[in-house]
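The chains referred to below are lettered A, B, ... by the order of the sequence lines, with proteins before strands, and numbering in each begins at 1. Just so we're clear, the structure is a prediction, and the values are computed from it rather than from any experiment.
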Number of protein chains: 2
Amino acid sequence: MELRHLRYFAAVAEEENVSRAALKLHVSQPGISRQIRDLEAEIGFPLFERSAKALRLTAAGKVFLTEAWEVLLHATAAVKKAREVAKGRSGEIHVGYAPSLTVQILPLLLRAFQGEFPQVRVALHDLSSEEMLTQLGSRKLQVALTVRPPAKLLRGLAFVELARYAMVVAVAPGHRLAKLKAITLAQVAPEPLIGLNRKDYPEYHAETKKLFAAIGRKPNFAEEHEGGTGIVAAVEAGRGLALVPSSLACIVGTRVKLIPLKPALPPIRMGALWLKENNAELMKKFVAAATSAGFDSKPV
Amino acid sequence: MELRHLRYFAAVAEEENVSRAALKLHVSQPGISRQIRDLEAEIGFPLFERSAKALRLTAAGKVFLTEAWEVLLHATAAVKKAREVAKGRSGEIHVGYAPSLTVQILPLLLRAFQGEFPQVRVALHDLSSEEMLTQLGSRKLQVALTVRPPAKLLRGLAFVELARYAMVVAVAPGHRLAKLKAITLAQVAPEPLIGLNRKDYPEYHAETKKLFAAIGRKPNFAEEHEGGTGIVAAVEAGRGLALVPSSLACIVGTRVKLIPLKPALPPIRMGALWLKENNAELMKKFVAAATSAGFDSKPV
DNA sequence: TTTGCGGAAATACCATGTTGCTTGCCTGAC
DNA sequence: GTCAGGCAAGCAACATGGTATTTCCGCAAA
């Protein structure tokens with residue numbers, strides 16, 4: 001059974017007349033006749049009662065007619081629905097994000113994107129950098145909003161920078177270093193350091209070690225957390241200092257003090273990351289929305 | 001687009017591999033490849049992302065896959081559903097009935113039929129004999145349960161008798177004739193006669209006139225009603241006598257007295273009526289149920 | 001790094017089957 | 001008898017599906 005059979009059948013049933021149906025369908029009358037006959041043979045019961053002059057639907061034919069219409073409409077609706085997705089006008093996009101780095105950008109971006117594509121469902125996933133890379137690869141994510149990965153991990157990935165944030169030192173307000181206008185890495189080195197956990201953020205650890213090695217010291221890691229909020233809480237509790245991006249400014253309020261480093265470290269570059277070979281329309285549109293939203297890209 | 005395209009697409013999408021899908025579908029790999037390409041060309045967007053080694057569904061392809069499955073399942077379900085109707089195992093049957101004549105039979109018949117065919121919806125229509133005949137012709141009814149029509153109206157119709165009822169005289173209990181064990185037509189003739197209305201039951205009027213003409217009298221019609229219940233009410237109210245079938249016995253109780261005629265008139269033959277050329281399975285089964293239910297067919 | 005090799009899809013080309021057309025016949029209604 | 005309408009037969013065209021072949025890309029070994 002093919003849709004053609006259903007189309008012909010629906011036309012004949014509607015007209016109750018093969019010849020008129022043939023005109024409407026732009027095929028010959030015997031052609032229709034035979035298709036109907038084939039259909040009846042295949043399904044095993046008659047759809048029409050024949051008299052020499054006309055056809056009349058059988059009871060089964062009437063039922064089949066309503067069903068056939070539904071099938072036909074469903075088929076065209078299926079194409080339409082999928083086409084909307086293909087054009088990126090509807091669908092679903094999975095976006096990974098690093099909360100502490102996207103605190104400022106994400107709300108703006110989401111608002112801009114959803115305003116333009118209200119039919120699109122944006123699924124947000126709070127993931128570690130590590131997880132983002134693997135899930136981009138396995139296509140569970142289409143886009144990741146995170147720090148720019150080191151070049152060796154950028155194989156097959158594309159990245160556009162959306163913002164830069166200076167690295168600053170987070171200090172509890174009562175801490176003896178809290179009064180300073182700027183802090184050197186050497187001053188940080190002896191203090192207990194609060195950081196991200198090694199498992200999820202291996203790059204973070206490597207980078208931090210390198211920073212301190214450059215001045216002949218070692219980081220004094222005291223605690224590891226899963227995200228920025230945990231780190232801030234630990235710092236506020238007076239358990240140590242933390243090196244954090246200035247993007248956290250807007251969520252720490254007066255709970256901890258953020259003090260610039262002297263000399264300044266290279267800024268954190270955060271942006272959108274996606275699989276080069278992935279050419280999903282929605283992904284492109286999301287990235288386009290992110291870049292064109294015009295965020296301040298200078299270190300804060 | 002044909003169902004074949006959807007079948008092939010679904011198989012390929014499931015296997016994510018054209019060759020395996022080809023094996024499953026028992027067609028060659030290039031055949032599938034081309035059908036998929038044709039489909040993509042027709043709908044205007046790609047369903048798969050091709051790499052030399054494998055296919056991967058696009059986002060639109062995923063959406064289309066679920067829709068395609070629904071279409072395919074719906075198509076087979078449509079056949080199944082219609083087939084059930086064709087076999088008379090489900091569906092709908094419209095049955096006309098004359099309430100006063102079917103009071104005894106109808107409940108038994110419906111119970112027997114619904115017990116055997118629980119999936120069938122029986123739509124009952126309380127109609128005059130006249131309406132039943134026209135609606136049988138126009139196929140609004142499949143079966144009519146009514147008095148046997150005169151031969152000249154039986155053109156194209158089939159009839160099986162289900163019961164016979166004697167014609168009796170309905171009298172109010174206080175009426176002076178109510179004491180009699182039997183009544184002659186001559187005794188009825190002078191009394192005001194309650195009957196069915198002329199418009200809906202022309203045959204009834206013709207027959208009644210003939211009866212009285214046979215004894216050289218004329219019926220003294222005083223009131224016309226639309227059905228047995230109205231007639232009984234009128235008789236009970238003392239407005240006159242009525243000639244009614246004995247089938248009414250079970251609903252009049254003691255409200256009116258039913259007195260046999262002497263000599264007895266030919267009995268009323270009631271039964272099932274249907275269009276000869278109609279060979280709807282359900283109709284046949286309904287008639288079969290009616291005949292095999294084995295109602296008492298002797299005059300009561 | 002380069003070079004085969006292997007697996008898988010795409011392409012080319014051909015045969016067959018199916019669709020659809022034309023013609024002609026049959027039936028029932030007017 | 002004529003006409004409308006459906007059906008059957010025969011034929012042409014086209015689409016499907018098959019076989020053989022090519023291409024593409026990943027992978028392993030030199």
Side-chain angles (χ1 to χ4, degrees), chain A residues 1-43 45-58 61 65 72 137-139 155-156 275-279, chain B residues 1-43 45-58 61 65 72 137-139 155-156 275-279:
Chain A
M1 189 171 72
E2 297 295 337
L3 288 180
R4 172 171 26 81
H5 293 116
L6 301 186
R7 280 189 280 265
Y8 288 7
F9 166 64
V12 172
E14 192 182 352
E15 302 282 343
E16 298 237 318
N17 177 308
V18 177
S19 303
R20 280 201 300 276
L23 286 177
K24 206 165 72 172
L25 294 167
H26 304 111
V27 284
S28 74
Q29 169 267 313
I32 310 264
S33 279
R34 201 166 69 183
Q35 292 300 318
I36 299 285
R37 188 164 49 76
D38 291 351
L39 176 59
E40 289 180 322
E42 183 180 344
I43 62 184
F45 54 89
L47 294 164
F48 293 100
E49 274 177 50
R50 268 87 168 170
S51 61
K53 264 207 126 35
L55 306 185
R56 187 183 310 114
L57 279 172
T58 60
L65 176 60
L72 290 170
S138 67
R139 311 224 169 204
R155 288 275 146 243
L275 212 55
K276 256 186 205 147
E277 65 184 22
N278 183 352
N279 48 9
Chain B
M1 189 172 71
E2 298 295 338
L3 288 179
R4 172 172 26 83
H5 292 115
L6 302 185
R7 281 188 281 264
Y8 288 5
F9 166 64
V12 172
E14 193 183 351
E15 301 282 343
E16 299 238 320
N17 177 308
V18 176
S19 303
R20 279 201 300 277
L23 286 177
K24 207 165 72 170
L25 294 167
H26 304 110
V27 283
S28 71
Q29 169 264 314
I32 310 268
S33 277
R34 200 169 69 178
Q35 292 299 318
I36 298 286
R37 287 176 59 82
D38 291 351
L39 176 58
E40 288 181 322
E42 182 180 342
I43 63 184
F45 54 90
L47 294 164
F48 294 100
E49 274 177 49
R50 268 88 169 168
S51 62
K53 273 210 119 40
L55 304 185
R56 188 185 307 112
L57 279 172
T58 61
L65 177 60
L72 291 169
S138 67
R139 312 223 169 203
R155 289 276 145 244
L275 213 55
K276 259 188 203 143
E277 67 184 22
N278 183 352
N279 48 8

Rounded to the Å, how far apart are [X] [atom1] and [N] [atom2]?
X	N	atom1	atom2	value
L25(B)	dG18(D)	CG	C1'	15 Å
H26(B)	dG18(D)	NE2	P	11 Å
Q29(B)	dA8(C)	CD	C1'	7 Å
L39(A)	dT18(C)	CG	P	16 Å
D38(B)	dG17(D)	CG	C1'	12 Å
E15(A)	dG5(D)	CD	P	12 Å
E2(B)	dG17(C)	CD	P	20 Å
M1(A)	dT18(C)	CE	P	17 Å

Would you say L39(B) and Y8(B) make side-chain contact, with heavy atoms under 4.5 Å?
-> no

Taking the side chain as every heavy atom from C-beta outward, state whether L55(B) and E15(B) have any pair of such atoms under 4.5 Å apart.
-> no

Report the nucleotide, chosen from [options], that has the shortest atom-to-atom distance to any side-chain atom of [X].
X	options	result
L55(B)	dA8(D), dA9(C), dT16(D)	dA9(C)
N17(B)	dG5(D), dA8(C), dA10(C)	dA8(C)
R4(A)	dT19(C), dG6(D), dT16(D)	dT19(C)
V27(A)	dC7(D), dT11(C), dG20(C)	dG20(C)
Q35(B)	dA9(C), dG6(D), dT16(D)	dT16(D)
R50(B)	dG5(D), dG20(C), dA9(C)	dA9(C)

Students often get this wrong, so: under 4.0 angstrom with heavy atoms, is [X] touching a base, only sugar-phosphate, or nothing?
X	value
S28(B)	base
F48(B)	nothing
R34(A)	base

Contact under 4.0 Å: [X] side-chain N or O vs [N] OP1/OP2:
X	N	answer
S19(B)	dA9(C)	yes
Y8(B)	dG17(D)	yes
S33(A)	dG6(D)	no

5' priority, DNA chain C, between R37(B) and H5(A) [closest heavy atom] = R37(B)

For the backbone of [Y] and the side chain of [X], can you confirm whether one donor and one acceptor N or O come within less than 3.5 Å of each other?
X	Y	answer
E49(A)	R56(A)	no
E40(A)	F48(A)	yes
E2(B)	L3(A)	yes
Q29(A)	V18(A)	no

